[in-house]
There are 2 protein chains.
Amino acid sequence: MPRVYIGSLRELNHNDNVEIYGWLQDLKLLKNVSFLIMRDRTGTVQVTFKNTPDIVNLLKELPRESVLKISGKINKKSVSKSGLEVSGESVEVLNRSERPLPLPVIDPVQADLETRLNNRFIDLRKRDVSSIFNAESSILWGIREFLHSQGFIEVHTPKIVAAATEGGADLFPVKYFENDAYLNQSPQLYKEILMSSGFEKVFEVGPAFRAEEHNTTRHLNEFTSIDIEMSFADHNDAMRILENAVKSGIENMINENGKDLQENGINISIPEIPFPRITYKECIKLLEKEGLEFQFGNDFSPEELRIIGRNFKDFYFITEWPSSLRPFYTMPNRDDPTITNSFDLQYREVEVTSGAQRVHDPDLLLKRFNEKKLNIDSFKFYIQAFKYGMPPHAGWGLGLERLTMIVLGLNNIRETTLFPRDRTRIIP
Amino acid sequence: MPRVYIGSLRELNHNDNVEIYGWLQDLKLLKNVSFLIMRDRTGTVQVTFKNTPDIVNLLKELPRESVLKISGKINKKSVSKSGLEVSGESVEVLNRSERPLPLPVIDPVQADLETRLNNRFIDLRKRDVSSIFNAESSILWGIREFLHSQGFIEVHTPKIVAAATEGGADLFPVKYFENDAYLNQSPQLYKEILMSSGFEKVFEVGPAFRAEEHNTTRHLNEFTSIDIEMSFADHNDAMRILENAVKSGIENMINENGKDLQENGINISIPEIPFPRITYKECIKLLEKEGLEFQFGNDFSPEELRIIGRNFKDFYFITEWPSSLRPFYTMPNRDDPTITNSFDLQYREVEVTSGAQRVHDPDLLLKRFNEKKLNIDSFKFYIQAFKYGMPPHAGWGLGLERLTMIVLGLNNIRETTLFPRDRTRIIP
């Protein structure tokens, strides 16, 4: 008899034989019958056993969260809330749990985040927690399918590197045999090199590492970065790909997980594209209209972003950021080099991601290196790729955990990361 | 006028206006006309210009591999080999190349691998080199689609870790703020923890790091690992998923890149599944039949694997490896604990990947830790997940670059890695 997922029991008929595998979520021994709540990845079901001495013997000492295989029959005439239960016939203990559990799975008192993360393997058994990662997987699937449909190929670039993408700060050092190396902060340099190689459209999904000292609810020291780069394209092309990718991700999440999310009280609608565009300078005007003073060249504070965000329903782009605020590889605007062909994707007051057209002219690149006072020695392999036919190109990098947090309306990026790495946490 | 990819020119009509973007692969200035070979990611085409003073002026000093935008008309009455060319009308230089090139793109003399990797950005412009990475992307796409169709969700587990998956050797140390950490050798521990969490079917595609001191043609210090883990499943289930995944990858590669590969002289057929299974002990018998002596518990030498491989067309599994040869998490065979519920996928004499049913009983796990003389202190977070309801589970890990190398019949894993990391190479 093959295993039946609990979520599929409803498709069977009364009295059909079934085998279910899963975790003993709860257990009640009454005088004549015993009620078990069994859980697998697809849901929970009540299993009822008529008490025999053997069954009582086995069940009375059985800790919750033990892993069981249960054979029985579908009972569609159950008086249980769901109208469906399994009449148990035999039970096999596949792995016995210890007790007490380090963290309860079904008790209504919510443990604090530290305790939950310390016992993440149990925390993830809760439906509202595991559904986050089902959603995250679906978002990524939707994004990837869209990129694939647009002719992007998937690449993998090294995470052990000799040069600092963003210029030297926030690096984790790695001892690479006799050499000093670092964990890559972003695939930026490598995906640009691949433009010089003529791949034209690439994306990468992989870890990125930032040795940022400050713990926040929106940053992690290791996160999953979705990066694209495209040739013969500018920031406007990159924004179009980005808004479509985000929409596809959310759409696929709703298709694959909508019901599950609704049951956890999360209702999400597909955002309308194109997302609105507003320039950095227009943002300043919005702030001034509210009576605030703001100096060109500054970054917006969280409070200022809240004010700007009030003008938009959900996602929007802030474009044309000042040159001084963007990394060396960002293309200056042709008519006004104090601003750049760049954008941030915002969700209300939260920054989702950044992107831009990149510099492709080798002389301009060197000029930008000097302006940013970067040491070009460690960038030689990168600069080389610009000297022998680098096409115009643009791209963006999108943190998967950040996007999932925003889409699901969560307030801490640790909630959308299976095993977060922050200032103090490397275990589990 | 929108850009037309060179590979799509053939679909247009004689005299249609086109704009093409790409690299000037070659250039011949004759007395009255000039011939340009233009290349983009989809192919090459000849562009013919009638010589005017302006055109000659521009072209005569134009280095090969410069990036150009060319406007012109389709000429289907061309006498060129392909029967198709573009009659050029205007040309714009988007980025000028320097010369000489550090590595030629079209010269017939093959540079050695070191030189090619030092100048990888140009090396990747060669069609036979770039097609490897198009194929690799397609293989991964096919594998992922199959896993998705089977209900696997995609996860991302940390690469900065405190514990050594395989027990302490071959680790790259990372300074993680005030803590000592390592780059993860494999997601093994984390994907098993996710089985305890009840995800039941997960896969991950991400970098894995091995500080292996020896340079070989089949190993890299950083590679892309495709890992799956599945619950309520054994090694036989894992083998079925693996052979289907490999088949799907190759199938998708042929669908998406078959023509391109054929043009590079690579003909690949879809392997038949199920792949043959042979036990480790049966392999010994094969060797003995050839007059060789072999001691149970030893690993097969390359020469021995060549002899075994002769009995199979392409892919096959060697199963039931001795316990002493497998890591601590491998499930011993119930009837004969000197062997394990494990397998290697082989392609002729080359090992493609390993997998197994895993230990799920916490007492057996501790026993295996002791047998392997591992320090359990750094594995506490892992062992914890076994004590409170770990289901039976199985899985495998597959190196994407290794698989691509084998499928394409290449003889060095650096050929299937964009920017390889080996004993001495961290640049580019």
Side-chain angles (χ1 to χ4, degrees), chain A residues 3 21 23 41 65-67 94-95 97-98 101 121-122 124-125 130 133-134 137 140-141 148 153-162 172-177 179 181 190 193 196-200 206-207 222 224 232 360-361 381 385 387-392 418-419 421 423 426-428, chain B residues 3 21 23 41 65-67 94-95 97-98 101 121-122 124-125 130 133-134 137 140-141 148 153-160 162 172-177 179 181 183 190 193 196-200 206-207 222 224 232 360-361 381 385 387-392 418-419 421 423 426-428:
Chain A
R3 172 190 185 188
Y21 290 73
W23 286 258
R41 72 183 289 210
E65 295 302 315
S66 293
V67 179
L94 299 178
N95 215 353
S97 174
E98 292 186 11
L101 295 171
F121 75 99
I122 289 215
L124 288 165
R125 292 184 189 174
S130 66
F133 297 96
N134 291 324
S137 175
L140 178 56
W141 191 265
H148 186 251
I153 71 158
E154 185 164 3
V155 296
H156 296 90
T157 66
K159 303 309 156 203
I160 300 175
V161 297
F172 287 116
V174 179
K175 191 81 200 143
Y176 192 78
F177 303 114
N179 291 307
Y190 287 96
I193 291 174
S196 178
S197 296
F199 283 102
E200 298 198 31
E222 178 178 344
T224 306
F232 306 111
H360 60 273
D361 178 83
F381 72 97
K387 290 185 185 168
Y388 302 95
M390 173 64 92
L418 286 167
F419 303 100
R421 292 292 176 259
R423 182 66 185 77
I426 46 172
I427 295 174
Chain B
R3 172 190 184 188
Y21 290 74
W23 286 258
R41 72 183 289 209
E65 294 302 316
S66 293
V67 180
L94 299 178
N95 215 354
S97 174
E98 292 186 10
L101 294 171
F121 75 99
I122 289 214
L124 289 165
R125 292 184 188 174
S130 66
F133 297 96
N134 291 324
S137 175
L140 178 56
W141 191 265
H148 186 251
I153 71 159
E154 184 164 4
V155 297
H156 296 90
T157 65
K159 303 309 156 203
I160 300 175
F172 287 116
V174 180
K175 191 81 199 144
Y176 192 78
F177 303 114
N179 291 307
L183 290 181
Y190 287 96
I193 291 174
S196 178
S197 296
F199 283 102
E200 297 197 31
E222 178 178 344
T224 306
F232 306 111
H360 60 273
D361 178 84
F381 72 98
K387 290 186 184 167
Y388 302 95
M390 173 65 91
L418 286 167
F419 303 100
R421 292 293 176 257
R423 182 67 185 75
I426 45 172
I427 295 174

Residue [X] versus chain A: region with a heavy atom under 4.5 Å:
X: B:Phe121; answer: both
X: B:Leu94; answer: both
X: B:Phe419; answer: both

With side chains defined as the heavy atoms from C-beta onward, is the minimum distance between [X] and [Y] less than 4.5 Å?
X: A:Pro207; Y: B:Pro207; value: yes
X: B:Met390; Y: A:Val67; value: no
X: B:Leu183; Y: B:Glu222; value: no
X: A:Tyr190; Y: A:Phe381; value: yes

Side chain, backbone, both or neither of [X] within contact of chain B (heavy atoms, under 4.5 Å):
X: A:Pro392; value: side chain
X: A:Asp361; value: both
X: A:Thr224; value: side chain
X: A:Ile427; value: side chain
X: A:Leu101; value: both
X: A:Glu65; value: both
X: A:Arg3; value: side chain

How are the rings of [X] and [Y] set relative to one another: parallel (under 30°), tilted (30 to 60°) or perpendicular (over 60°)?
X: B:Phe172; Y: A:Phe177; result: perpendicular
X: A:His148; Y: B:Trp141; result: parallel
X: B:Phe199; Y: A:Phe133; result: perpendicular

Give the member of [options] that has the highest number of heavy-atom pairs under 4.5 Å with chain A.
options: B:Ala162, B:Pro158, B:Ser137; value: B:Pro158
options: B:Gly206, B:Ala181, B:Gly198; value: B:Gly198
options: B:Glu200, B:Lys387, B:Lys175, B:Glu154; value: B:Glu200
options: B:Leu124, B:Ile153, B:Asn95, B:Val155; value: B:Asn95

Of all of A:Ile426, A:Leu140, A:Ile122, A:Val174, which one pairs up most often with chain B through heavy atoms under 4.5 Å apart?
A:Ile426
Between chain B and each of A:Ile193, A:Ile160, A:Leu418, count heavy-atom pairs under 4.5 Å; write down the option with the most.
A:Ile160
Between B:Arg421 and A:Val161, is there a donor-acceptor pair closer than 3.5 Å when you use the side chain of the first and the backbone of the second?
no
Has A:Ser130 got a side-chain atom pairing as donor or acceptor with A:Arg125's backbone, closer than 3.5 angstrom?
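No: the side chain of A:Ser130 does not pair with the backbone of A:Arg125.
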Measure across B:Ser196 and B:Ala385 and return the closest heavy-atom pair with its distance rounded to 0.1 Å.
OG-O, 2.7 Å
